[in-house]
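Just the heavy atoms: all of them, side chains too, but no hydrogens, waters or symmetry mates, feed the values below.
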Amino acid sequence: MDATAQAAALGSPVERREGREKVTGTARYAAEQPCPGRAHAWPVPASIARGRVTGIDTAAALDLPGVVAVLTHENAPRLSEPDDPTLAVLRDSRVPHRGWFVALVVGETLEAARAGAAAVRVDYAVEDHDVTLTATHPDAYAPEQANGGYPGTREHGDPEGAFASAPVRVDAGYRVPPLHNHPMEPHATTARWHDGRLTVHTSTQGSTTVRAVLAGLFALPEEHVTVHAEHVGGGFGSKGTPRPDVVLAAMAARHTGRPVTLALPRRFLPAVVGHRAPTLHRLRLGAHPDGRLTSLIHEVTTHTSRIKEFVEQAAVPARVMYAAPGSRTAHRVAPLDVPSPSWMRAPGEAPGMYALESAMDELACELGMDPVELRIVNEPDTEPDSGKPFSSRHLVECLREGARRFAWAERDPRPRSRTEGPLLVGSGVAAAMYPVMAQPSTAAARALPDGTFLVRINATDIGTGARTVLAQIAADALAVPVERVRTEVGSSDLPAASLAGGSSGTASWGWAVHEACARLARRLAEGPLPPEGIEVRADTAGRADADSPYARHAFGAHFAEVAVDTVTGECRVRRLLGVYAAGHILNPRTARSQFVGGMTMGLGMALTEGSTMDAAFGDFAETDLAAYHVPAHADVPDIEAHWIDEDDTRLNPMGSKGIGEIGIVGTAAAIGNAVFHATGVRLRELPLTPDRVLSGIRERGGS
């Protein structure tokens, strides 16, 4: 490898390839595609929580200037039954939850479509609804599986007996409210038909899946459907599967014979693109006086919709983290008249680790033990649930290094020991984990006569820098400078690839790219390059998703410093620090961005983000960014992300683990633990808003 190639090999902070396009506004997103004759669509959401549509009056809407058509269940194109019930839009008169789309207005302009939607009149037969989750809900049941295919319940030893006889015990309940994905780019699609073929530009985390779903719904061969997702303005899980916008836009385009763009208004998103389901946790920890756990019991109750089961796997992280002879991790789920929950960044791990790591902090207080040392004392030799050896696990090193960088040893462990006028200052710690996943993908690599290389794969860059890292992987395998490698991503016409989710994108796509480029390099070594070039393909099916004899996870440690105002109850995070063991870091620049982004999202989970289900009306009260508060730069002045570069040969050819989600996993607990250390008040319901904090301080006995 020459010096230039060496400088651009894996591990170098190569700049994002699409960065200039984004900052200059030339990167086109789904709703911005040039499309002559385009019409615009605006949906009509149901205004009841449960029932049926008994009549729709569209006359006033159709009389408005610029309104082209109104689609309802009475005149919409008939589609095949979808596997995903959330895509069964405009099929019949049922209303399974508030916000369900009951009509779609198409207009010459966005304004005309919006005005037309406001003029549609809908009559309903209203049925009684139930949207309130309780730990003792009579309809709650134990599911066979939780999201991700994990068993709903796992038990080892005698957890109840061990807890009852434990010298030191913690029995606490925690609540995480509904949370919402709010990507900068809303869910949007531009669809057009031509000669029986469908082309869509859509904001998705996986256009291969969208293509398959649309082909099934419209009874088309997959080769007659093309799905483009060149640039995606965030998704956080909500764009992991097709959403109603892509189906409705394609229906409207077929009905009108024109290209149609549908960009969902932000206020509609909580009802139709999934959300993090609320979770009610009960944690019971039993321990010896030296901190060693004897019992770990984590029980979770959550909700799902009545049309689709989704069980947030919030008890699963407890199966990985700590050694305990007796353990029980269990889920219960109550079907309610609510929108269908779905993936949101680190589903299961984010709420589950908040509860577990808060309980570990409570146990450390009961023991009078340093919370860092408590976690280290309970470090397992093998994965507690499966018994498999870890492919690599450097959690202890993350905790030690984080404590060193954070100056943890200088911390006075006594709550309320540090004051600054009306401010109480505290610090907290929490651990984090996230599973390693890789899905089958296919990549093509081509050597061109001009000495450059082209890598083609239907990966989706949702803002993570995938284009750049894939070029680095290719350059490394080909032993050439990264500048000689071009990448094409984001179209279903390219070799099929898995979706960008589960922190599996780079591991999945990179594996295929590495194999294709390694094969190409071997071909090139066999003889001269022919005038037309050489292309080879690699498919990782059967290897990327193969079961491993090792437990493969990324780990991390989070540290937080907060200041709590005893007058207003406001919490200000002064500093966040994370140290991660996430395999080989392929690009420090993009990796740090992912870690910091996750930590910022965890800060929002801890302090500002939360949604309320209105029991009377059956909808979420916080539906836009004026009411649902996501954190801004001013909310934390100092975020540090560091890592321990692991040499783990049991993962994939690059030795990488996912980094997109682990940053959020432990942040909320670290902040909550810091608030306790500052105030001496243990708050067990997120978010830690000023009213809750101030009430806790006052109940404790003043400022």
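- The residues E561 and R575 are annotated as not salt-bridged, no charged nitrogen and carboxylate oxygen being separated by less than 4.0 angstrom.
- In this structure, a donor-acceptor pair under 3.5 Å is present between the side chains of H187 and S238.
- Side chains of E312 and T279: a donor-acceptor N/O pair is absent below 3.5 angstrom, by distance only.
- Distance check, rounded to the nearest 0.5 Å: NE2 of H275 to NE2 of H303 gives 3.0 Å.
- Between T667 atom OG1 and M605 atom CE the span is 9.5 Å, to the nearest 0.5 Å.
- Taking CZ of F310 as the reference point, atom OG1 of T86 lies at 12.0 Å (rounded to 0.5 Å).
- More than 12 non-hydrogen atoms from other residues, nucleotides or ligands lie less than 6.0 angstrom from CG of D139.
- I659 and A582 get closest at one heavy-atom pair: CG2-CB, 3.7 Å.
- Side-chain rings of Y150 and H331 stay apart, their centers remaining 6.0 Å or farther from each other.
- Side chain of Q439 to main chain of S504: no donor-acceptor pair is present (N/O by atom type, distance under 3.5 Å, no hydrogens or angles).
- Annotation: cation-pi pair R345/F236 absent, no NZ/CZ under 6.0 Å from the ring centroid and within 45° of its normal.
- No hydrogens or angles considered: a donor-acceptor pair under 3.5 Å links the side chains of R266 and H182.
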side-chain contact (heavy atoms from CB on, under 4.5 Å) assessment of M613 paired with L336: CA-CA 11 Å; M613 176 57 73; L336 303 176; over 6 Å; no
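- Ion pairing of D337 with R98 is absent here, as no side-chain N (NZ or NE/NH1/NH2) approaches a carboxylate O to less than 4.0 Å.
- We find that R243 and D245 are not joined by a salt bridge, their nearest charged nitrogen and carboxylate oxygen being 4.0 Å or further apart.
- Distance alone, capped at 3.5 Å, places no donor-acceptor pair between the N673 side chain and the F676 backbone.
- The backbone N or O of A627 sits less than 3.5 Å from a side-chain atom of D624, completing a donor-acceptor pair.
- Of the charged side-chain nitrogens involved, none lies within less than 4.0 Å of a carboxylate oxygen, so that R28 and E21 do not count as a salt-bridged pair.
- Side chain to side chain, Q594 and T464 fail the donor-acceptor criterion of an N or O pair below 3.5 Å.
- At a cut-off of 3.5 Å, with distance as the only test, no side-chain donor of H97 or D619 sits close to an acceptor on the other residue.
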Show your reasoning for whether salt bridge (charged side-chain N to carboxylate O under 4.0 Å, His left out) applies to R91 and E81. CA-CA 9 Å; R91 290 184 62 87; E81 184 76 27; 2.8 Å; yes
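- By the 4.0 Å N-to-carboxylate-O rule, D638 lies too far from R574 to be salt-bridged with it.
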Could you go through the side chain to side chain donor-acceptor pair (under 3.5 Å) check for S340 and K308 one step at a time? CA-CA 6 Å; S340 297; K308 180 181 180 180; over 6 Å; no
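- The closest side-chain heavy-atom distance from L104 to V44 is not below 4.5 Å.
- Between the Q313 side chain and the P347 main chain, a donor and an acceptor come within less than 3.5 Å of each other.
- Of the possible donor and acceptor atoms, none in the side chain of D565 sits under 3.5 Å from a partner among the backbone N and O of G569.
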Stepwise ring pair (Phe, Tyr, Trp, His ring centres under 6.0 Å) check, H180 with F620: CA-CA 10 Å; H180 299 292; F620 295 112; 4.6 Å; yes
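- T329 is not listed as a side-chain neighbour of V316, based on a closest heavy-atom distance of 4.5 Å or more.
- Taking every heavy atom of both residues into account, A615 and V131 meet most closely at CA-CG2, 3.7 Å.
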Test side-chain contact (heavy atoms from CB on, under 4.5 Å) applied to T460 and V489, step by step: CA-CA 6 Å; T460 308; V489 301; over 6 Å; no
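- Nearest heavy-atom pair across P183 and G233 is CB-O, 3.6 Å.
- Considering only heavy atoms from C-beta on, Y628 stays 4.5 Å or farther from T623 through its side chain.
- Using a 4.0 Å cut-off between charged side-chain N and carboxylate O, R684 and E362 make a salt bridge.
- A donor-acceptor pair under 3.5 Å is formed between the side chain of E357 and the backbone N or O of A431.
- V272 and G99 get closest at one heavy-atom pair: CG1-O, 3.6 Å.
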Intermediate values then yes/no, side-chain contact (heavy atoms from CB on, under 4.5 Å), L607 and D635: CA-CA 10 Å; L607 298 184; D635 287 316; over 6 Å; no
For S203 and E185, what are the C-alpha separation, side-chain angles and deciding distance, and is it a side chain to side chain donor-acceptor pair (under 3.5 Å)? CA-CA 8 Å; S203 190; E185 179 198 20; 2.7 Å; yes
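- Between the side chain of H129 and the backbone N or O of A616 there is at least one donor-acceptor pair closer than 3.5 Å.
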Go through R332 and T153 one step at a time and tell me if the side chain to side chain donor-acceptor pair (under 3.5 Å) criterion holds. CA-CA 9 Å; R332 289 177 61 78; T153 301; over 6 Å; no
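- The environment of CZ in R267 is sparse: at most 12 heavy-atom neighbours from other residues, nucleotides or ligands sit within 6.0 Å.
- Nearest approach of F101 to L248, heavy atoms of both residues: CD1-CD1, 3.6 Å.
- A tilted orientation is assigned to the rings of H231 and Y29, their planes being inclined by 30° to 60°.
- Put simply, the side chain of Q205 never gets that close to the backbone of T241: no donor and acceptor are under 3.5 Å apart.
- For the atom pair T204 OG1 and I462 CD1, the distance stands at 9.5 Å (nearest 0.5 Å).
- Around CZ of F617, the count of heavy atoms belonging to other residues, nucleotides or ligands within 6.0 Å does not exceed 12.
- Between the side chain of E661 and the backbone N or O of A346, at least one donor-acceptor pair lies under 3.5 Å.
- In this structure, K22 contributes its side chain and A27 its backbone to no donor-acceptor pair below 3.5 Å.
- Using the six-membered ring where Trp is involved, F595 and Y580 have ring planes that are parallel, under 30° apart on the 30 and 60° scheme.
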Go through the steps for N181 and W343 under the test side chain to side chain donor-acceptor pair (under 3.5 Å), then give the verdict. CA-CA 9 Å; N181 320 61; W343 303 325; over 6 Å; no
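- The aromatic rings of H281 and H298 sit tilted, their planes meeting at an angle between 30° and 60°.
- Atom CG in L90 sits 9.0 Å away from atom CG in L79 (nearest 0.5 Å).
- Looking only at atom types and distance, the side chain of S207 has a donor-acceptor partner in the side chain of N458 under 3.5 Å away.
- For the pair V200 and L214, the minimum side-chain heavy-atom distance is below 4.5 Å.
- Here the OG1 atom belonging to T302 is positioned 10.5 Å from the CZ atom belonging to R276, to the nearest 0.5 angstrom.
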Trace of the side-chain contact (heavy atoms from CB on, under 4.5 Å) decision for V630 with E609: CA-CA 6 Å; V630 299; E609 296 186 45; 4.2 Å; yes
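- Residues A30 and T190 come closest through the heavy atom pair O-OG1, 2.7 Å.
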